[in-house]
Amino acid sequence: MSAAEPVDLTVADLHPALGDPALTSMNFLNEVSERYPAAVSLAAGRPYEEFFDLAAVHRHLDTFHRHLVDDLGHRPEQARRLLLQYGRTKGIVHHLIARNLAVDEGITVDPEDVVVTVGCQEAMFLVLRALRAGPTDVLLAVAPTYVGLTGAARLVDLPVWPVAGGPTGIDLADLAAQVHRARAAGLRPRACYLMPDFANPSGVSIDTAHRQRLLDLAAQEDLLLLEDNPYGLFHSDDGPRPPTLKALDTGRRVVYLGSFAKTVLPGARVGYVVADQRVAGPDGPVGPLADQLAMIKSMVTVNTSPIAQAVIGGRLLEHGCSLVAANTRERSAYTRNLRHLVAGLTRRFPDQPEQLDRPAVRWTVPAGGFFVVVTVPFPVDDALLDRSARDYGVLWTPMAHFYDDTAPVRALRLSVSAVTPEQIDVGLDRLAALITDELTRWAG
């Protein structure tokens with residue numbers, strides 16, 4: 001082979017996770033959307049775009065810059081360097097994140113226990129990379145599971161064991177059974193990943209009593225909990241929100257994963273992890289888990305963009321570090337859309353008695369968040385999604401993408417976050433036509 005000839009690789013030459021469905025799901029869904037741009041998308045879990053304001057980005061940046069100079073006492077050249085130079089690996093808005101958690105969630109955290117990340121996806125990766133110490137380690141995750149978590153686990157060679165979710169959000173008996181089963185097989189369950197509030201994709205939440213029982217079980221089994229909370233602020237009623245697991249955590253059992261993608265700006269790509277667990281070395285304590293995650297991050301992304309962090313920090317400062325206050329319009333829009341979609345499904349599939357030859361179409365009614373799951377009497381797969389986009393002009397997400405096996409899944413996920421009520425109506429009309437035709441086809 002001459003030096004000028006290209007060097008080709010085979011899939012076998014690359015990391016085995018690169019051929020895993022968990023890593024190809026997002027690309028597939030994006031490709032379908034790009035192929036059918038005229039289709040109404042009830043698939044994307046993106047935040048509502050009508051409130052995006054480019055001028056506000058510049059204002060947030062200026063607000064944070066003034067904070068550095070006026071509140072923190074930085075000289076102008078120091079503030080400029082902090083924003084424009086390579087930055088501190090653990091982040092520069094960690095003190096504002098700690099204040100936000102105190103204001104909105106009742107969580108008291110040392111700012112040094114916070115690592116600011118490139119989106120919550122990096123936070124997941126850092127935690128899983130740190131926890132995967134050897135080939136006997138496994139991760140538990142409530143099923144159906146956010147595909148980004150499954151994909152990150154694949155990349156660090158950490159097997160994921162599903163835990164039943166169900167109507168309560170997590171089946172505690174099954175969690176205990178999976179822990180015992182793993183240990184009986186000589187494996188070490190490191191943590192359990194879950195979204196207690198309006199989970200992606202199920203939309204289900206865990207009530208306060210179950211949260212406390214979950215923490216008690218985690219202590220009993222010596223298990224960490226990875227709490228992912230991107231949707232917790234978007235509840236659709238006026239009652240009090242249940243406390244986060246981290247707010248209830250008195251034994252440092254919870255590693256808390258946060259994101260500003262839904263609550264501030266997805267384009268900033270800023271998330272964070274609260275990792276206050278104490279780490280012991282051979283000669284004694286070596287500091288919080290956050291310090292260990294920062295060491296990994298220094299070899300992955302070095303630091304999170306200081307300018308992006310400043311935009312987030314400015315938005316926090318302008319609202320007294322309360323994202324509840326900053327998201328009143330967004331919460332109202334998501335609540336409106338969620339109720340509109342559920343009412344629309346009820347109108348299109350009214351009073352359906354269960355029949356042996358044709359089970360009824362059913363759907364969840366979440367108390368908030370972005371997602372509704374529709375259960376149908378026929379298998380839902382990527383081929384059906386492609387036909388739905390091509391022939392009916394509507395996009396949605398097959399629930400099969402959120403399960404770690406190949407068994408047929410008879411459900412699809414609808415998202416209300418990036419559409420208007422008018423688009424919801426059009427999309428539901430098209431979805432109803434698809435479902436009606438499929439019911440007829442399967443009945444025949």
Show your working on side-chain hydrogen bond (donor to acceptor under 3.5 Å, both in side chains) between Thr304 and Lys297 and close with a plain yes or no. CA-CA 9 Å; Thr304 302; Lys297 178 178 172 61; 2.9 Å; yes
Do the side chain of [X] and the main chain of [Y] share a donor and acceptor less than 3.5 angstrom apart?
| X | Y | result |
| --- | --- | --- |
| Asp104 | Val324 | yes |
| Glu105 | Thr244 | no |
| Arg132 | Asp157 | yes |
| Lys246 | Val254 | yes |
| Ser259 | Gly119 | no |
| Thr117 | Tyr272 | yes |
| Asp174 | Ala164 | yes |
| Gln292 | Leu289 | no |
| Asp137 | Ala133 | yes |
| Asn337 | Val416 | yes |

Could you pull out the closest heavy-atom pair between [X] and [Y], with the gap in Å?
| X | Y | value |
| --- | --- | --- |
| Arg278 | Asp113 | NH1-OD1, 3.4 Å |
| Pro47 | Phe52 | CG-CZ, 4.4 Å |
| Ala98 | Pro111 | CB-CG, 3.9 Å |
| Arg99 | Cys321 | CD-SG, 3.5 Å |
| Pro366 | Leu338 | O-CD2, 3.7 Å |
| Leu217 | Leu172 | CD2-O, 3.6 Å |

At what distance, to the nearest 0.5 angstrom, does [atom1] of [X] lie from [atom2] of [Y]?
| X | Y | atom1 | atom2 | result |
| --- | --- | --- | --- | --- |
| Ser236 | Tyr334 | OG | OH | 14.0 Å |
| Ile312 | Phe64 | CD1 | CZ | 11.0 Å |
| Glu122 | Thr301 | CD | OG1 | 3.5 Å |
| Asp237 | Thr335 | CG | OG1 | 8.5 Å |
| Thr208 | Leu248 | OG1 | CG | 7.0 Å |
| Arg252 | Leu224 | CZ | CG | 11.5 Å |

With distance as the sole criterion, is a donor-acceptor pair present between the side chains of [X] and [Y] under 3.5 Å?
| X | Y | value |
| --- | --- | --- |
| Ser205 | Asp197 | no |
| Asn30 | Ser33 | no |
| Tyr86 | Asn303 | no |
| Glu318 | Thr63 | yes |
| Trp363 | Thr375 | no |
| His95 | His67 | yes |
| Asn327 | His319 | no |

Does the pair Tyr256 and Leu101 meet the rule for a side chain to side chain contact (heavy atoms under 4.5 Å, CB included), with working shown? CA-CA 11 Å; Tyr256 188 81; Leu101 290 172; 3.8 Å; yes
Between [Y] and [X], is there a salt bridge with N-O shorter than 4.0 Å?
| X | Y | result |
| --- | --- | --- |
| Arg154 | Asp20 | yes |
| Asp249 | Arg211 | no |
| Lys90 | Asp291 | yes |
| Glu50 | Arg329 | no |

Can Arg331 be said to sit on top of Phe234's aromatic six-ring, NZ or CZ under 6.0 Å from centre and within 45° of the ring axis?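 Geometry flag: not set, cation outside 6.0 Å or 45°.
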For side chain to side chain contact (heavy atoms under 4.5 Å, CB included), just list the numbers for Leu245 and Leu214, CA-CA rounded to whole Å, side-chain angles, deciding distance to a tenth of an Å, and then say yes or no. CA-CA 9 Å; Leu245 286 172; Leu214 172 60; 4.0 Å; yes
Would you indicate whether the side-chain heavy atoms of [Y] and [X] approach each other to under 4.5 Å?
| X | Y | answer |
| --- | --- | --- |
| Pro162 | Asp404 | no |
| Arg269 | Phe260 | no |
| Gln178 | Pro189 | no |

Quick one: do Arg81 and Gln78 satisfy side-chain hydrogen bond (donor to acceptor under 3.5 Å, both in side chains)? Show the steps, please. CA-CA 5 Å; Arg81 183 181 306 115; Gln78 289 177 312; over 6 Å; no
Report the C-alpha distance between Val138 and Val160 in whole Å, list the side-chain angles of each, state the deciding distance to 0.1 Å, and finish with yes or no for side chain to side chain contact (heavy atoms under 4.5 Å, CB included). CA-CA 6 Å; Val138 297; Val160 178; over 6 Å; no
Identified side chain to side chain contact (heavy atoms under 4.5 Å, CB included) counterpart of Trp396 within the set Val374, Leu384, Val372: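 Only one of Val374, Leu384, Val372 forms a side chain to side chain contact (heavy atoms under 4.5 Å, CB included) with Trp396, namely Leu384.
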Apply the test salt bridge (Lys or Arg N to Asp or Glu O under 4.0 Å) to residues Arg190 and Asp222: give CA-CA distance (whole Å), side-chain angles for both, the deciding distance (0.1 Å), then the verdict. CA-CA 9 Å; Arg190 301 307 315 271; Asp222 191 20; over 6 Å; no
After noting the C-alpha distance and the side-chain angles of His210 and Asp207, does the key distance pass the side-chain hydrogen bond (donor to acceptor under 3.5 Å, both in side chains) rule? CA-CA 5 Å; His210 273 79; Asp207 66 29; 3.1 Å; yes
Counting the benzene-type ring for Trp, do Tyr231 and Phe370 have ring centres under 6.0 Å apart?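 They qualify: ring centres under 6.0 Å apart.
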Would you say the rings of Phe402 and Tyr146 are close, in the sense that their centroids are separated by under 6.0 Å?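 Judged by ring-centre distance (under 6.0 Å), Tyr146 and Phe402 do not meet the cut-off.
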Going through the checks in order, is the side-chain hydrogen bond (donor to acceptor under 3.5 Å, both in side chains) test met by Asp382 and His401? CA-CA 9 Å; Asp382 290 348; His401 284 261; 2.6 Å; yes
Audit row: Ile92, Leu68, side chain to side chain contact (heavy atoms under 4.5 Å, CB included) steps and yes/no: CA-CA 10 Å; Ile92 62 172; Leu68 292 176; 5.8 Å; no
Given salt bridge (Lys or Arg N to Asp or Glu O under 4.0 Å), test Arg183 with Glu221 step by step and report yes or no. CA-CA 11 Å; Arg183 288 175 177 157; Glu221 297 293 348; 2.9 Å; yes
I would like to know whether Arg35 and Asp386 meet salt bridge (Lys or Arg N to Asp or Glu O under 4.0 Å); could you show each step before the answer? CA-CA 9 Å; Arg35 285 203 306 271; Asp386 191 80; 2.4 Å; yes
